Amino acid sequence: MSLISVAIDGPAGAGKSTIARKVAQELGCLYVDTGAIYRTVGLYALRKGADPKNEGEVVPLLEELKVEMQVESDGIQHMYLNGEDVTAQIREPEISRCASAVSALPPVRAFLLDMQRELARTRSVVMDGRDIGTVVLPDATVKIFLTASPEVRAMRRWKELREKGNTDTYEEVLRDVIQRDYDDSHRAIAPLRQAEDAVLADTSELDLEESIQLLLNIVKERQ
Ligand code: DC
């Protein structure tokens, strides 16, 4: 059987990881959440007291940093930072900001590019991120740009955070979503944008099940 690769890009909070994980399951592909890889680098920068925006402070850390990804028996993609399981730590809101900052540094992107490509070389994958269809897998079998309005994305994220006991207000979460959209799409290198040959999927009006079906239909039509 020939390998397939499904590239799913889009802004934070569009439901990418939940939807992409389910789509991967249905298709029997490996799911790769590339945001988790950037988050792991962000966590390391934070732990080391480096300014995540400062290339001079972050780049030397890459030499002592080993990032690994492993799907375990619980079906979850675990992230390892120098051998330590940091799967839970990288989900903290503080890490979102650090990940966004380090992801704007060209040497960080170069450092992680091969790792991401290698994952898709020998296996069928569903990979989600910001630049998968444009940079990481320009020859992906199917490219999807998954989005939803900032208000809908902020509401989803706010509910998620609230369930975890976080007390941020909806307005704060919305401000964060808008700021991160701006940062991710205005950075000089690999900005978030829809690849020319990507299909646009807007989930503002769809629930989770409908979103999964929409993506599966797109993949089946183009595969
Ligand atoms: O999807 P996420 O929120 O977990 O991603 C964390 C950060 O990593 C986000 O601010 C943008 C960055 N990122 C990126 O630049 N390129 C990717 N392929 C994936 C994530």
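Note that the structure is predicted; figures quoted are calculated from it, not measured. Both ligands and their constituent atoms are indexed starting at 1 by order of listing. Values reported hereafter were calculated over all heavy atoms of this structure, with side chains retained and with hydrogens, waters and symmetry mates removed.
- Between Arg157 and ligand 1, not a single N/O pair is under 3.5 Å apart.
- Shortest non-hydrogen contact noted between Asp168 and Trp158 is O-NE1, 3.1 Å.
- Near Asp131, meaning under 4.0 Å from one of its heavy atoms, ligand 1 places the atoms 16 (N), 17 (C), 18 (N).
- Cluster membership check: Val108 shares its hydrophobic cluster with Met79, using side-chain heavy-atom separations under 4.5 Å among Ile, Leu, Val, Met, Phe, Trp and Tyr.
- Atoms CG and OG, from Asp128 and Ser17 in turn, are 6.0 Å apart once rounded to the nearest 0.5 Å.
- The residues Asp183 and Arg97 are annotated as not salt-bridged, no charged nitrogen and carboxylate oxygen being separated by less than 4.0 angstrom.
- The distance criterion of under 3.5 Å between nitrogen or oxygen atoms is not met by Asp33 with respect to ligand 1.
- Residue, atom and distance of the protein heavy atom nearest to atom 19 (C) of ligand 1 are Thr34 OG1, 3.4 Å.
- With a heavy-atom cut-off of 4.0 Å, Met127 does not touch ligand 1 at all.
- Atoms of ligand 1 lying under 4.0 Å from at least one heavy atom of Ala99, given by number and element, are 6 (C), 7 (C).
- Of the possible donor and acceptor atoms, one in the side chain of Ser204 sits under 3.5 Å from a partner among the backbone N and O of Ser149.
- Here is the list of ligand 1 atoms found below 4.0 Å of a heavy atom in Gly129: 17 (C), 18 (N), 19 (C).
- Close contacts between ligand 1 and Asp184 involve ligand atoms 9 (C), 10 (O), 11 (C) [criterion: under 4.0 Å to a heavy atom].
- For ligand 1, the polar-atom distance check against Asp128 finds no nitrogen or oxygen pair separated by under 3.5 Å.
- Between the Glu92 side chain and the Gln89 main chain, no donor and acceptor come within less than 3.5 Å of each other.
- Gln213 places no side-chain N or O within donor-acceptor distance of the main-chain N or O of Asn217, the cut-off being under 3.5 Å.
- Protein heavy atom in closest approach to atom 8 (O) of ligand 1: Tyr38 CB, 3.5 Å.
- Among Leu192, Asp202, Ile8, the one residue that satisfies the side-chain contact (heavy atoms from CB on, under 4.5 Å) test with Phe145 is Leu192.
- Near Arg39, with a cut-off below 4.0 Å to any heavy atom, the atoms of ligand 1 are 2 (P), 3 (O), 4 (O), 6 (C).
- With atom 1 (O) of ligand 1 as the reference point, the heavy atom nearest to it among Arg97, Lys16, Arg109, Arg130 is part of Arg130.
- Side-chain atoms of Asp9 come within 3.5 Å of backbone atoms of Arg130 as a donor-acceptor pair (strictly under, hydrogens ignored).
- Side-chain atoms of Arg187 and Arg109, non-hydrogen and from C-beta on, do get closer than 4.5 Å to each other.
- Residue-ligand proximity, Ser100 to ligand 1, at heavy-atom distances under 4.0 Å covers atoms 10 (O).
- Considering both main-chain and side-chain atoms, Gln116 never comes within under 3.5 Å of ligand 1 through any nitrogen or oxygen pair.
- Of the listed options Pro11, Ala7, Ser103, Gly42, Ser103 places a heavy atom closest to atom 12 (C) of ligand 1.
- Of the protein's non-hydrogen atoms, Arg180 NH1, 3.1 Å is the one closest to atom 10 (O) of ligand 1.
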